[in-house]
Number of protein chains: 2
Amino acid sequence: MDRKPTHPGAVFLEDIMKPLNLTVTEAAHMLGVSRKALSEFVNEKASLSPEMALRISKATNTSVESWMNMQQKLTLWYAYQHEPTNVIPFPLDAVKKRM
Amino acid sequence: MDRKPTHPGAVFLEDIMKPLNLTVTEAAHMLGVSRKALSEFVNEKASLSPEMALRISKATNTSVESWMNMQQKLTLWYAYQHEPTNVIPFPLDAVKKRM
DNA sequence: TGGGTTGACCCGTGTAACGTTACGGGTTAT
DNA sequence: ATAACCCGTAACGTTACACGGGTCAACCCA
């Protein structure tokens, strides 16, 4: 129902690479990944892997969580597109809800 | 460096299934997944997939995010075990840090 | 015009979630 | 004891995907 969350790769491209005038080739080398891997990421063909998040975090001195959370929102958005319907609610009347 | 975060499957088993006296077979059926899938999850052999998180969320009326975050912490913990070393810092002196 | 960059594509590899099926061990009820 | 469950697990196959290597056409720019 919500709008599709921004892909972390787009953020990385706009907010990091462009301001620093870094090419995909350069940035890929600095991150220690292949040009292809980074290219697919910034072009939203691939999602953010935990390892890539760690690399970006180290290279840009930002928090891993912030990047992971971006991906998580996207992942969750995709999941909601194929929402499972055959789920039977648990009888949790007796259980105190903590969340 | 922190201690290994709790696996969401363990939480699901202890805080949901046990209090409700649900067997793996019963819970799997209610969630709409195979017995094996749930068994591997609660026994920490498989991680929490987004779809599984959605199912658990719907069945137990809890937030998807809370479950996803548990998994994310675990995933990140694993990632830190194989921390990438060949990462060259970006020259971000000119960029204002927003995070 | 020639060099660097880029995105798309193919191929191959490793990982992982999931389903189905089947087995053996354990518990409980008949 | 025999049947009925429940459980963990293993094998097999499917599907998805991150990643690397290589190639190639398009493109921009000096």
Side-chain angles (χ1 to χ4, degrees), chain A residues 7-10 12-14 16-18 20-59 64 67-68 70-72 74-87, chain B residues 7-10 12-14 16-18 20-59 64 67-68 70-72 74-87:
Chain A
H7 192 289
F12 181 72
L13 178 62
E14 295 298 327
I16 308 286
M17 288 178 56
K18 285 193 176 175
L20 293 177
N21 280 310
L22 289 176
T23 68
V24 172
T25 307
E26 289 169 342
H29 173 250
M30 298 172 86
L31 290 175
V33 298
S34 72
R35 181 177 70 85
K36 189 195 174 197
L38 183 59
S39 172
E40 290 187 336
F41 171 60
V42 300
N43 286 292
E44 313 188 17
K45 307 288 181 176
S47 52
L48 176 67
S49 67
E51 199 201 291
M52 183 72 84
L54 223 43
R55 292 178 183 276
I56 290 178
S57 165
K58 298 188 101 175
V64 204
W67 295 100
M68 290 292 285
M70 277 188 249
Q71 180 57 53
Q72 178 170 306
L74 229 197
T75 303
L76 232 28
W77 184 86
Y78 279 121
Y80 273 119
Q81 305 304 104
H82 317 286
E83 246 186 294
T85 55
N86 54 333
V87 178
Chain B
H7 192 289
F12 181 73
L13 178 61
E14 295 298 325
I16 307 287
M17 289 178 57
K18 284 194 178 176
L20 293 178
N21 279 310
L22 288 177
T23 68
V24 172
T25 305
E26 288 170 344
H29 174 250
M30 298 172 87
L31 290 174
V33 299
S34 72
R35 185 166 66 88
K36 187 199 177 206
L38 184 58
S39 172
E40 289 186 337
F41 171 60
V42 300
N43 287 292
E44 312 188 18
K45 306 290 180 179
S47 53
L48 177 67
S49 68
E51 200 203 288
M52 183 73 83
L54 223 44
R55 293 178 183 277
I56 290 178
S57 164
K58 299 188 99 176
V64 203
W67 295 101
M68 291 291 285
M70 278 188 249
Q71 180 57 53
Q72 178 169 305
L74 230 197
T75 303
L76 233 28
W77 184 86
Y78 281 121
Y80 273 119
Q81 306 303 103
H82 316 284
E83 248 187 295
T85 56
N86 54 334
V87 178

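Below, all heavy atoms of this structure are taken into account, side chains as well, without hydrogens, waters or symmetry copies. A quick note: this is a predicted structure, and the numbers were derived from the prediction, not measured. Chain naming here is simple, since letters A, B, ... match the order of the sequence lines and numbering starts at 1 in each.
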Who passes side chain to side chain contact (heavy atoms under 4.5 Å, CB included) against Ser39(A), sequence neighbours left out? Val24(A), Asn43(A)
Starting from P on dA16(D), measure out to CD on Gln81(A) and report it in whole angstrom. 17 Å
Approximate separation, where rounding is to 0.5 Å, of Leu22(A) CG and His29(A) NE2: 12.5 Å
Check whether any side-chain heavy atom of Phe41(B) lies under 4.5 Å from a side-chain heavy atom of Leu31(B), and answer yes or no. no
Please list, chain by chain and in numerical order, all residues satisfying side chain to side chain contact (heavy atoms under 4.5 Å, CB included) with Asn86(B), sequence neighbours excluded. Arg55(A), Pro84(B)
Rounded to the nearest Å, what distance is computed from the OH atom of residue Tyr78(A) to the P atom of nucleotide dA16(D)? 15 Å
Val42(B) and Met17(B), any side-chain heavy atoms less than 4.5 Å apart: yes
Tell me if a side-chain donor or acceptor on Gln71(A) pairs with a main-chain N or O of Leu48(A) at a distance below 3.5 Å. yes
Specify the separation, in whole Å, of atom CD of Gln71(A) and atom P of dC17(D). 11 Å
side-chain hydrogen bond (donor to acceptor under 3.5 Å, both in side chains) partners for Ser57(A), two or more places apart: none
Going by salt bridge (charged side-chain N to carboxylate O under 4.0 Å, His left out), name the residues that satisfy it together with Glu83(B), two or more places apart in sequence or in a different chain. Lys58(A)
Residues which pass side chain to side chain contact (heavy atoms under 4.5 Å, CB included) with Ser49(A), listed by chain and number, not counting sequence neighbours: Glu51(A), Met52(A)
How many angstroms lie between atom NZ of Lys36(A) and atom CG of Leu38(A), to the nearest 0.5 angstrom? 13.0 Å
Protein N or O to nucleotides 26-30 of chain D N or O, pairs below 3.5 Å:
none

Atom pair distance, as rounded to whole Å: NZ in Lys18(B) and P in dC7(D): 12 Å
Can you name the salt bridge (charged side-chain N to carboxylate O under 4.0 Å, His left out) partners of Glu14(A), sequence neighbours left out? Lys18(A)
Are any of the side-chain heavy atoms of Ser47(B) and Thr75(B) separated by less than 4.5 Å? no
Can you pull out the residues from residues 39-57 of chain A that lie within a 4.0 Å heavy-atom distance of DNA chain C? Ser39(A), Asn43(A), Lys45(A)
Note: chain B reaches DNA chain C at heavy-atom distances under 4.0 Å over the stretch, first to last nt, 5' to 3', of dA17(C) to dA22(C)
Residues from residues 26-36 of chain A lying under 4.0 Å of DNA chain D - heavy atoms: Val33(A), Ser34(A), Arg35(A), Lys36(A)
With Ala46(A) via side chain to side chain contact (heavy atoms under 4.5 Å, CB included) - residues at least two apart: Glu40(A)
